[in-house]
Amino acid sequence: LFRNNWRWIVLSTCFLCVLDISRFFWLALIVRNIARFVSAPRLWDSEYWCALTDFAILERYQNWEDAIVTGRAVWGLLYLITAIWKLNYGFLDPAVSCASIFAAQILSRFQGLTYVSPVLIKMAPLIILTNEFLVGIFFLFPSAKFHKAGVLACLALHTAITITPAPNGVPTFSVIGATRCIFFIDTAFTKLLISIFTTRQALLISSCLVVLFALFDLPRALFFCVTILLVISLFNESPKNTANKKPSSLLLFLTIFYALLMPLIGLHDIGACTMFGNLRVHGGPSNHLFLPTGLLQRLMFAPGTPGIYTGGEARILATDAQSILKLYPGEITHLLGNQTLRLLSSTGHVSREFNPKARAIIPWLRQPPPFSSVLPFEIPTYALVLLLREQRRSFEAFFIEYQILNPNTREIQRHIRFATNETSPLNNNSYTCMILSSDNSAPCDDKELPFWDHFVVPLWARKLLLFASYATLPTSTGAIESLPCNY
């Protein structure tokens with residue numbers, strides 16, 4: 001996911017480790033995280049997870065056992081908080097949950113499970129939720145027996161992720177999870193693995209294999225190789241007990257801040273621990289059972305005032321702007337397959353899925369919608385301002401019709417239709433902008449979103465804030481908890 005020039009820089013530091021791993025290992029970690037910063041905010045949540053475990057190693061670089069304890073605690077917290085965020089009305093509802101879609105995709109491969117498939121699809125949210133909770137709890141317990149159970153639970157979860165067909169299978173994330181499990185269990189076998197794979201010959205071979213895996217897209221094979229080695233290790237000996245060692249307080253705080261507090265405050269959406277979680281992070285009261293989200297957008301709402309959080313939520317009703325339609329709402333239902341859709345329909349699922357997060361991160365996924373009509377969708381006004389700027393730079397005429405919503409009450413504040421035949425600068429002859437209402441219409445003033453050209457986005461926002469859209473289903477009752485699956 002790194003930018004092209006950074007891919008080779010990161011790879012070159014890996015080859016430096018072949019010469020002397022004791023001297024260049026820390027450099028490889030630092031360079032990799034600089035590459036992440038450069039690529040931000042277009043990062044998967046897994047990249048943030050990797051960065052936190054990298055920092056655990058860097059902070060305790062001189063003491064490997066302490067690094068293991070900290071890394072394991074960080075990993076456990078990440079899974080635990082991810083599971084906590086899934087305690088929302090959307091994920092727990094089998095009619096819209098992402099978990100039900102994944103289960104239907106896997107079960108569509110096994111025709112003999114026709115009779116139990118509907119039950120398993122409906123139970124999928126609870127199964128995944130329980131598994132993630134167990135991984136987190138087991139890794140956080142000080143007992144070595146729990147660590148062993150945590151690794152097995154982690155591998156079971158990632159095996160399911162790996163065998164899930166496209167477009168939802170993410171074997172690269174499974175590789176990340178499995179390889180880090182090697183460092184989270186302290187056994188003679190894993191030490192042997194580390195000692196073998198840190199020799200010059202093995203590093204050279206593994207570096208070449210990484211290139212081959214990248215070229216031929218074989219992460220599934222790599223995941224199962226690592227998994228087999230880990231299972232052999234766990235069933236041959238027990239991990240070393242590290243109950244007397246304490247994880248780094250700084251890393252634990254950073255993990256809790258990133259995973260729990262940032263979505264709650266509203267500092268993070270894409271890249272947060274909410275992937276496939278049906279969680280509403282912006283645009284209204286949270287659909288979580290007991291935690292708020294997006295507090296800054298709700299607290300700072302000030303209509304007509306340019307700012308990151310002041311504009312509220314925008315519901316796009318219609319547009320022909322390609323820079324917007326290539327990203328949002330990003331429906332991918334047509335990629336799920338007929339058998340998967342039949343299984344979902346038999347259980348009462350809405351059978352709709354969207355991938356705005358993936359499109360925002362990976363440019364080559366941005367394609368015009370294959371449908372004649374596009375569902376209305378919601379994004380923060382800050383995100384819409386940036387998209388309008390991008391569209392105007394394309395020098396293509398476009399129109400957009402949208403509503404401004406109060407993120408506290410979900411009430412419609414204004415209904416706007418904007419059209420232009422030029423991009424920049426705007427003048428009285430190049431655009432039309434009207435505030436629509438049932439009674440009459442009136443021209444817009446310069447406080448509307450298309451005219452926020454003077455609004456400067458600060459660096460922290462450019463590196464953290466990347467928002468997904470929420471599609472408004474035609475069958476929806478308007479309740480904020482009925483949020484369809486998106487990633």
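Hydrogens, waters and symmetry mates play no part in the numbers below; they use all other heavy atoms, side chains included.
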Novice: Taking the side chain as C-beta and beyond, is there a heavy-atom pair between P303 and R414 under 4.5 Å?
Specialist: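 Of all side-chain heavy-atom pairs linking R414 with P303, at least one is under 4.5 Å.
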
Novice: Measure the OG1-NE2 distance between T164 and H158 for me, rounded to the nearest 0.5 Å.
Specialist: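 Going from OG1 on T164 over to NE2 on H158, the span is 11.5 Å.
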
Novice: Hey, does E132 have a side-chain heavy atom less than 4.5 Å from the side chain of W85?
Specialist: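 Side-chain contact under 4.5 Å: no.
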
Novice: Can you find a heavy atom in the side chain of I435 that is under 4.5 Å from one in the side chain of E448?
Specialist: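 Yes, their side chains come closer than 4.5 Å.
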
Novice: Closer than 3.5 angstrom, by distance alone: can the side chain of N287 be matched with the main-chain N or O of N278 as a donor-acceptor pair?
Specialist: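 At least one qualifying donor-acceptor pair exists.
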
Novice: Verify the neighbour count for atom CE of M123: are there more than 12 heavy atoms of other residues, nucleotides or ligands below 6.0 Å?
Specialist: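 No.
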
Novice: Mind listing the closest non-hydrogen atom pair of G284 and R298 along with its distance?
Specialist: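 Where G284 meets R298 most closely, the heavy atoms are O-CD, 4.0 Å.
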
Novice: Taking less than 2.5 Å as the test, are the sulfur gamma atoms of C433 and C444 close enough?
Specialist: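 Yes, the SG atoms sit under 2.5 Å apart.
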
Novice: Rounded to the nearest 0.5 Å, what separates atom OG1 in T162 from atom CZ in F223?
Specialist: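 Separation between the atoms: 4.0 Å.
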
Novice: So does Y328 get a backbone contact from the side chain of S469, meaning a donor-acceptor N/O pair under 3.5 Å?
Specialist: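 No, S469 side chain to Y328 backbone: no donor-acceptor pair under 3.5 Å.
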
Novice: Tell me whether R42 contacts the main-chain N or O of A360 through its side chain, where contact means a donor paired with an acceptor under 3.5 Å.
Specialist: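 Present.
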
Novice: With heavy-atom distances below 4.5 Å as the criterion, would you say the side chains of D45 and L78 are in contact?
Specialist: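 In short, these two side chains do not touch, never coming nearer than 4.5 Å.
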
Novice: For the pair N406 (side chain) and E411 (backbone), establish whether a donor and an acceptor sit closer than 3.5 Å, ignoring hydrogens and angles.
Specialist: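 Checking the backbone N and O of E411 against the side chain of N406, no donor-acceptor pair under 3.5 Å is found.
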
Novice: Which value, rounded to the nearest 0.5 Å, describes the distance between N355 atom CG and T333 atom OG1?
Specialist: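 Between N355 CG and T333 OG1, I get 10.0 Å after rounding to 0.5 Å.
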
Novice: Distance check, rounded to the nearest 0.5 Å: C98 atom SG versus N168 atom CG?
Specialist: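 If I round to the nearest 0.5 Å, the distance is 7.5 Å.
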
Novice: For P407, does its backbone N or O pair with a side-chain atom of H282 as donor and acceptor, under 3.5 Å?
Specialist: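 Between the backbone of P407 and the side chain of H282 there is no qualifying donor-acceptor contact (under 3.5 Å).
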
Novice: Just by distance, with hydrogens left out, do S323 and Q391 show a side-chain donor and acceptor under 3.5 Å apart?
Specialist: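 Per modelled atom types, S323 and Q391 side chains form a pair under 3.5 Å.
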
Novice: What's the spacing between Y258 OH and L77 CG if we round to 0.5 Å?
Specialist: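 The CG atom of L77 is 12.5 Å from OH of Y258, to the nearest 0.5 Å.
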
Novice: Within this structure, what is the CD1-CD1 distance for the pair I106 and I101, rounded to the nearest 0.5 Å?
Specialist: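 Reported to 0.5 Å precision, the distance equals 12.5 Å.
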
Novice: Testing the basics here: between A103 and I121, what is the closest heavy-atom pair and its distance to 0.1 Å?
Specialist: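 Of all heavy-atom pairs spanning A103 and I121, the closest is CB-CA, 4.1 Å.
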
Novice: Side chains of S100 and P125, heavy atoms from C-beta outward: is any pair under 4.5 Å?
Specialist: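 With C-beta onward as the side chain, the pair touches.
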
Novice: Any non-hydrogen side-chain atom of R36 less than 4.5 Å from a side-chain atom of Y48?
Specialist: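 With C-beta onward as the side chain, the pair stays apart.
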
Novice: Donor-acceptor check, side chain of Q105 to backbone of L336, threshold 3.5 angstrom: yes or no?
Specialist: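 Checking the backbone N and O of L336 against the side chain of Q105, no donor-acceptor pair under 3.5 Å is found.
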
Novice: Do the ring planes of F102 and F276 sit parallel (below 30°), tilted (30 to 60°) or perpendicular (above 60°)?
Specialist: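 Taking F276 first and then F102, their aromatic rings stand perpendicular (interplane angle over 60°).
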
Novice: Tell me, do R359 and I332 make a side-chain contact under 4.5 Å, heavy atoms counted?
Specialist: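 Side chain of R359 against side chain of I332, heavy atoms only: contact under 4.5 Å found.
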
Novice: Report yes if the side chains of T274 and K357 come closer than 4.5 Å at any heavy-atom pair, otherwise no.
Specialist: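 A side-chain contact exists here, since the closest heavy-atom pair is under 4.5 Å.
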
Novice: Shortest non-hydrogen contact from R462 to V457?
Specialist: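 Heavy atoms only, the tightest pair is NH1-O, 2.7 Å.
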
Novice: Using 30° and 60° as the class limits, which term best fits the ring planes of Y79 and W49: parallel, tilted or perpendicular?
Specialist: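 Perpendicular: the ring planes of Y79 and W49 meet at over 60°.
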
Novice: Distance-only, no hydrogens or angles: does the S46 side chain make a donor-acceptor pair with backbone N or O of F173 under 3.5 Å?
Specialist: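 Absent.
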
Novice: Would you mind checking if E378 and R280 are paired as a salt bridge, meaning a charged N to carboxylate O distance below 4.0 Å?
Specialist: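 Yes.
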
